[in-house]
2 protein chains.
Amino acid sequence: MLIEELGLYFERRHNLPPLAARIYAIMVLSSQEGFSFEELMEITQASKSSVSTNLNLLLQLKYLEYYTRPGKRKRYFRSSGSFLQNMLKERFETIISDLELTQKVNKFNQENNPENYRKKGYIGNIFHDFLEQEKLNIEQTLQRIRDFKEQN
Amino acid sequence: MLIEELGLYFERRHNLPPLAARIYAIMVLSSQEGFSFEELMEITQASKSSVSTNLNLLLQLKYLEYYTRPGKRKRYFRSSGSFLQNMLKERFETIISDLELTQKVNKFNQENNPENYRKKGYIGNIFHDFLEQEKLNIEQTLQRIRDFKEQN
DNA sequence: TAGTTAGTTCGGAACAAAACGAACTGTAAA
DNA sequence: TTTACAGTTCGTTTTGTTCCGAACTAACTA
C-alpha cells in the first residue's frame, strides 16, 4: 500500500517515529478534509496515548495543524501547507547545513592536508557551486508555488 | 572536533550506526592513505567485533573500499571515491526515488481525490519540474568532477 | 603440525525508542 | 454536582539497536 511506503519514507527522511510517519502519510494521501482523534485511533489501530503523543509531535514540528467545527469540542487534524512545500523547505534546510559543513571540511583539508588540498579543494568549489544552484532551484520553486496559490 | 560533527552528520543523514559514521568521518577527513583494522580499533577505542561489523557495513554500502599491500595479509580501508562525489551520488539517488514517489502520489490523488486533484496535481507538476532541475544540476556537477579528474 | 595473524560470527548485556494502559485534567452538558 | 467527552500525562512493557566478549575460522609461518 502507498500509505505504508510513504510512511516508511517519512520515517527515514524526516526521522519521524513510525506512528507519526504513518499518520502524516494518511493525511497527505487522503482527500478527506480533517481527521478526528478517534478516526486516527481507528485507522492506525494505535492506543489513545500513542496517538496523542504523536499528533502533538507532528503539530509541534508544523507538519500538521488542527481546527475545530462550530459547536463541537473535537479537534480535526490535517496536513499544514502542502506535502510538497514541506519537502522543499526541509530540503532547503539540509542544503544550507550541507553548505556550512562542506565549507568546514574544505577549510580543514586546506589547513591539515595541504598535500592533497589542491585536489580536494577544487572539488570543494565545484560542490559549493552545486549547492548554490540547488538553493536557487528551491527558491524559484517555492516562488512558483506561492504564485499558484495566490491566483487561486 | 570536526570528526565528531561529521560523524553525527553521517549518522543522521545516512542512517549509519554511530561507529560506522565515526569511521567514515575519520576516512573523509584524513590525509592518510588507508587505515588498517588495528588502527581503527585504536582510534575509535571500539572492540574487534564492532569494528568488523561496521567496516563490513560500510563496504557493503560502498562507502569504503579496501586494498592490500604486497606481501602483507592485512587489509587497508579508505573511502571509495571522494566524499563529495559520494554525497552527490547519494543525493542523486534520493532524488530519483523522490521522483518516483511523487509520481505515485500524484497518480494516487488523480485517481482517488479527483475533487482536489486540480490543485494537488498542479503542485505535483511544479515539484516534478523541480526534481528534474535537480537531476540536471547533479549530472552536470558529476561531469565537472570527472572532467577535473581526467585532466589531472 | 602447532602457533600466530587477521579477521568473523554468535549470544547476550546495556541502553534507547516506541507504544501501551490507567489514572488524571479540564470543559461542557444534564 | 454529577456525568460524559476529549484528550494528556506518567510509569511500565515491548521492541529495537549498538556494542561487546568469547569462541570460531581460514590462511599463513615456523
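Please read these numbers as outputs of a predicted model, since none were measured by experiment. Below, chains carry the letters A, B, ... as their sequence lines are ordered, and counting in each starts from 1.
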Does Ser52(A) place a side-chain N or O at less than 4.0 Å from the phosphate oxygens OP1/OP2 of dG7(D)? no

How long is the straight-line distance from CG of Leu55(A) back to CZ of Arg75(A), given to the nearest 0.5 Å? 7.5 Å

Rounded to whole Å, please give me the gap between CD in Glu11(B) and C1' in dT17(D). 12 Å

Is there a side-chain contact between Arg13(A) and Ser97(B), using heavy atoms and a 4.5 Å cut-off? yes

Tell me: NZ of Lys74(B) to P of dT29(D), nearest whole Å? 14 Å

Whole-Å distance, Met41(A) CE to dG7(D) P, equals 11 Å

Under 3.5 Å, is there a donor-acceptor pair between the Gln143(B) and Asp147(B) side chains? yes

Here the distance between atom C1' of dT9(C) and atom CD of Gln60(B), to the nearest Å, is 15 Å

Are Arg75(A) and dC5(D) close enough that a side-chain N or O sits under 4.0 Å from OP1 or OP2? no

Interatomic distance where CZ belongs to Phe37(A) and P belongs to dT27(C) [whole Å]: 18 Å

At under 4.0 Å, does any side-chain N or O of Lys72(B) touch on OP1 or OP2 of dC28(D)? no

Tyr76(B) atom OH is separated from dT5(C) atom C1', nearest whole Å, by 12 Å

Name the nucleic acid region contacted by Arg69(A), choosing base, sugar-phosphate or nothing; use a 4.0 angstrom heavy-atom cut-off, strictly under. nothing

It should be established whether Lys48(A) places a side-chain nitrogen or oxygen under 4.0 Å from OP1 or OP2 of nucleotide dA22(C). no

Find which nucleotide of DNA chain C each of Pro17(A) and Gly71(A) is nearest to by heavy atoms, and output the residue with the more 5' nucleotide. Pro17(A)

Start at the 5' end of DNA chain D and walk down; is the nucleotide closest to Arg22(B) or to Ser36(A) reached first? Ser36(A)

Do the non-hydrogen side-chain atoms of Glu33(B) and Tyr76(B) ever get within less than 4.5 Å of each other? no

Ser49(A) side-chain proximity, nearest of dC10(D), dC20(D), dT8(C): dC10(D)

Calculate the interatomic distance between Ile23(B) atom CD1 and dC19(D) atom C1'; express it in whole Å. 12 Å

Tell me the interatomic distance from Gln45(A), atom CD, to dA19(C), atom C1', rounded to whole angstroms. 14 Å

Closer than 4.0 Å, any side-chain N/O of Asn56(A) to the OP1 or OP2 of dT8(D)? yes

Is Ser50(A) near enough to dA19(C) that one of its side-chain N or O atoms lies under 4.0 angstrom from OP1 or OP2? no

Looking only at dT8(C), dA26(D), dT8(D), the nucleotide nearest the Arg73(B) side chain is dA26(D)

May I ask you to check whether His14(A) and Tyr24(A) show a side-chain donor-acceptor distance below 3.5 Å? no

